[in-house]
There are 2 protein chains.
Amino acid sequence: METHISLLQDALKHNETVVFTANCRVEYSGRAKTHLPLGDRIIIIKPDNTLLIHQPQGATPVNWMKESHITVEKVDDLYVLQCRGQKEFLDIYLHRIHFMNTANLSDGQKLQLTGHERDMADLIAADPGVIEEGLRFAGQEEQTTYGFIDVLCYDKAGNLVVVECKRYKGGLDAVTQLRRYVERIRELKGITKVRGILACPSITGNAKKMLENWGFEHAAIEPPKYLERFRKDQRRLGEF
Amino acid sequence: METHISLLQDALKHNETVVFTANCRVEYSGRAKTHLPLGDRIIIIKPDNTLLIHQPQGATPVNWMKESHITVEKVDDLYVLQCRGQKEFLDIYLHRIHFMNTANLSDGQKLQLTGHERDMADLIAADPGVIEEGLRFAGQEEQTTYGFIDVLCYDKAGNLVVVECKRYKGGLDAVTQLRRYVERIRELKGITKVRGILACPSITGNAKKMLENWGFEHAAIEPPKYLERFRKDQRRLGEF
DNA sequence: GGGGAGAGATGCCGC
DNA sequence: GCGGCATTTCTCCCC
């Protein structure tokens with residue numbers, strides 16, 4: 001135990017990355033208050049003073065701290081990893097450390113991501129015809145005090161059309177968001193006849209009801225797919 | 001390298017928790033598509049087939065997979081950790097493994113959390129007077145087709161009052177949510193005069209404007225604080 | 001830095 | 001499983 005603790009203190013001093021597993025109890029107090037009884041966990045301390053505690057199951061950390069001041073203190077024969085933030089506090093009561101690794105990890109790379117909602121809005125802006133025949137592009141990311149409108153169009157009859165995009169199934173919040181934008185545009189431009197279209201692959205029953213109540217429409221639009229790389233070697237995937 | 005790989009394969013077979021750091025490249029394809037060039041990362045594989053990839057900075061994983069089928073394959077002289085989900089794929093190209101630990105971690109504990117929004121709603125339900133003098137409790141977690149109402153009350157004049165709680169600063173979405181509930185209650189009960197109150201510590205300027213536009217009100221309610229434990233030894237905290 | 005909204009959101013609870 | 005919604009949400013973008 002003492003070996004692990006001095007290794008930990010040394011790593012903290014030199015701002016290294018620390019990874020270890022321990023049997024511990026965790027107490028957090030700050031934005032909420034949590035208590036986690038004794039158990040085995042994986043703990044990561046990063047050079048930017050991020051601390052993560054993971055249980056052996058689940059995708060999200062059970063406790064965490066960002067930009068905290070981290071120290072080790074001995075309290076009543078027990079080593080305690082103390083994390084102090086501006087308005088947050090986290091204590092890890094270390095009953096046993098199973099293993100520990102400290103290292104200087106080097107990674108200046110940034111994740112490159114494609115396939116967000118913006119891509120879908122761009123597709124629609126480039127060709128509003130996918131939503132409705134005769135639709136013409138009028139503007140994108142229109143700024144209102146009450147939010148940002150994805151795409152603005154004119155329909156064949158010359159009416160303004162607010163299009164709200166969702167890459168996933170549309171729910172009540174998507175409909176209320178659309179409604180807010182339509183009302184805002186009506187107010188700003190002084191026009192009563194402004195149409196609202198929710199563009200998303202599918203929609204929940206209640207959302208559909210609410211759309212219809214408000215005289216809005218749903219356009220079934222599929223978001224771009226991102227499995228191209230795997231289509232061409234499906235035979236290999238089929239092995240699974 | 002070969003030692004690490006066989007250790008990894010053994011751990012995967014026996015469903016153990018694996019923690020290691022590696023110099024690697026990561027490709028993900030599924031709900032979106034990501035590319036992460038070569039760098040040092042921390043990788044965790046849990047018995048429930050959760051896989052997490054962390055860079056040496058930041059609180060959230062740079063890539064992850066849940067409930068995936070994980071295998072190691074050698075492709076062009078390079079070991080590749082392949083994760084396959086229903087509609088998702090993740091590949092980790094392992095250029096070097098710095099260290100690796102496998103273990104059987106035991107943790108059946110659940111996080112006990114207090115201080116969520118529900119606690120705030122309970123406080124208000126127990127004593128609606130904190131919002132407005134003369135307010136009487138009428139119901140909690142009222143079910144409407146369009147969502148759950150936090151607290152329902154009657155005011156001194158006998159009007160129904162819908163209370164929506166937020167533990168943080170209220171924004172446009174909080175106001176639209178309140179509006180939905182008020183309208184729903186008006187519809188259900190056939191009453192025109194239903195008041196709406198947004199109970200939260202503070203509110204954004206636009207949200208305030210929107211509230212007033214629709215005749216709703218804001219009650220400045222502080223969510224319960226969770227720093228009691230630290231007040232009593234402030235001297236020690238003052239050392240930081 | 002505040003405000004608004006998306007996220008490969010995740011997780012929880014209720015039906 | 002779907003649906004609605006909170007989250008110690010986090011993160012990005014824009015003003």
Side-chain angles (χ1 to χ4, degrees), chain A residues 28-34 50 53 58-66 68 83 85 87-90 111 113-121 141 143-150 164-177 180-181 202-207 210 223 225-227, chain B residues 28-34 50 58-66 85 87-90 110-111 113-121 141 143-150 164-177 180-181 202-208 210 223 226-227:
Chain A
Y28 164 79
S29 179
R31 284 177 284 183
K33 189 181 173 82
T34 71
T50 301
I53 306 172
T60 51
V62 66
N63 278 114
W64 67 94
M65 283 282 275
K66 294 192 313 190
S68 66
C83 309
K87 293 176 183 173
E88 293 179 297
F89 308 91
L90 187 140
L111 185 75
L113 186 144
T114 52
H116 22 295
E117 191 185 277
R118 180 61 195 242
D119 291 350
M120 201 171 152
E141 285 284 341
Q143 194 83 34
T144 80
T145 334
Y146 289 170
F148 317 91
I149 293 170
D150 287 338
E164 172 63 27
C165 305
K166 294 287 174 220
R167 53 204 298 287
Y168 44 88
K169 181 180 271 201
L172 296 179
D173 50 347
V175 182
T176 46
Q177 206 178 332
R180 232 165 50 203
Y181 299 155
S202 62
I203 191 172
T204 68
N206 287 336
M210 194 181 259
K225 285 274 176 286
Y226 297 96
L227 296 168
Chain B
Y28 164 80
S29 179
R31 283 177 285 183
K33 190 179 173 81
T34 71
T50 300
T60 50
V62 66
N63 277 115
W64 67 94
M65 283 284 273
K66 293 191 316 189
K87 293 176 183 173
E88 293 179 297
F89 309 91
L90 186 139
K110 267 197 161 178
L111 185 75
L113 186 144
T114 52
H116 28 295
E117 192 184 280
R118 179 60 197 242
D119 290 349
M120 200 172 152
E141 286 285 342
Q143 193 83 34
T144 79
T145 334
Y146 288 168
F148 318 90
I149 293 171
D150 287 339
E164 173 61 28
C165 305
K166 294 289 175 220
R167 54 202 295 286
Y168 45 88
K169 182 181 270 200
L172 295 178
D173 50 346
V175 182
T176 45
Q177 204 178 335
R180 236 165 48 204
Y181 298 156
S202 63
I203 191 172
T204 67
N206 289 335
K208 192 175 175 59
M210 196 181 257
Y226 296 95
L227 297 168

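The model shown is predicted, which means the values in this text are computed figures rather than measured ones. Each chain gets a letter, A, B and so on, in the order the sequences are listed, and its residues count up from 1.
- For B/Pro223, the side chain to side chain contact (heavy atoms under 4.5 Å, CB included) partners are B/Met120, B/Arg167, B/Pro201, B/Lys225, not counting sequence neighbours.
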Let me see the working for B/Met65 and B/Tyr28 under side chain to side chain contact (heavy atoms under 4.5 Å, CB included), right down to the final yes or no.
CA-CA 9 Å; B/Met65 283 284 273; B/Tyr28 164 80; 4.1 Å; yes
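- The separation between A/Lys166 atom NZ and C/dA9 atom P is 12 Å, rounded to whole Å.
- On the P atoms, C/dG4 is 22 Å away from C/dG8, given to the nearest whole Å.
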N/O to N/O distances under 3.5 Å, protein versus nucleotides 10-12 of chain D:
residue : atom : partner : partner atom : Å
D/dC10  : OP1  : A/Arg31 : NH2          : 3.4
D/dC10  : OP1  : A/Trp64 : NE1          : 3.2
D/dC10  : OP2  : A/Arg31 : NH1          : 3.1
D/dT11  : OP1  : B/Thr60 : OG1          : 3.1

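- Rounded to whole angstrom, the span from the OH atom of B/Tyr28 across to the C1' atom of C/dA7 amounts to 11 Å.
- Nearest heavy atom pair, residue A/Ala174 against residue A/Glu164, reads O-CG, 4.5 Å.
- Stems are defined here as 3 or more consecutive Watson-Crick or G-U wobble pairs with pairing distances under 3.5 Å; those involving DNA chain C are C:1-7 with D:9-15, C:9-15 with D:1-7.
- Nearest approach of A/Ser68 to A/Gly85, heavy atoms of both residues: CB-N, 4.4 Å.
- DNA chain C is contacted by both A/Leu111 and B/Asp173; B/Asp173 maps to the nucleotide lying nearer its 5′ end (nearest heavy atom per residue).
- For the pair B/Glu117 CD and D/dT8 P, the computed distance is 11 Å after rounding to whole Å.
- B/His116 places its NE2 atom 9 Å from the P atom of C/dC13, with the value rounded to the nearest Å.
- The minimum heavy-atom distance between A/Gly115 and B/Ala32, with the atom names listed, is O-CB, 4.1 Å.
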Side chain to side chain contact (heavy atoms under 4.5 Å, CB included) evaluation trace for B/Asp173 with A/Asp173:
CA-CA 8 Å; B/Asp173 50 346; A/Asp173 50 347; over 6 Å; no
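- Contact between the side-chain N/O atoms of A/Gln177 and the OP1/OP2 oxygens of C/dG4 is not found at any separation under 4.0 Å.
- No side-chain heavy atom of A/Thr176 sits less than 4.5 Å from a side-chain heavy atom of B/Gln177.
- Spacing between atom CE of B/Met120 and atom C1' of D/dT8 amounts to 16 Å, rounded to whole angstrom units.
- The nearest pair of heavy atoms linking B/Leu113 to A/Thr34 is CD1-CG2, 3.6 Å.
- Here the P atom of nucleotide D/dC15 and the CG atom of B/Asn206 are 14 Å apart, to the nearest Å.
- Stacking between A/Phe148 and C/dG4 is absent: the aromatic ring centre is not both under 5.5 angstrom from the base six-membered ring centre and within 30 degrees in plane angle.
- Nucleotides D/dT8 and C/dA5 place their P atoms 22 Å apart, quoted to the nearest Å.
- For the pair A/Asp150 CG and D/dC14 P, the interatomic distance rounds to 13 Å; values are reported in whole Å.
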For a side chain to side chain contact (heavy atoms under 4.5 Å, CB included) check, start with the C-alpha distance between A/Ile203 and A/Lys166, then their side-chain angles and the critical distance, and finish with the verdict.
CA-CA 10 Å; A/Ile203 191 172; A/Lys166 294 287 174 220; over 6 Å; no
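- Nucleotide D/dT9 holds its C1' atom 9 Å from the OH atom of B/Tyr168, rounded to whole Å.
- With the nearest nucleotide of DNA chain C identified for both A/Arg118 and B/Leu172, B/Leu172 has the one nearer the 5' end.
- Residue B/Asp150 comes nearest to B/Ala121 through the heavy atom pair CB-CB, 4.5 Å, listed as atom of the first residue, atom of the second, then distance.
- OP1 or OP2 of D/dG4 sits under 4.0 Å from a side-chain N or O of A/Thr204.
- If A/Lys169 and B/Arg167 are placed on DNA chain D by their nearest nucleotide, the residue sitting closer to the 5' end is A/Lys169.
- Residue B/Tyr181 places at least one side-chain N or O under 4.0 Å from the OP1 or OP2 atom of D/dC5.
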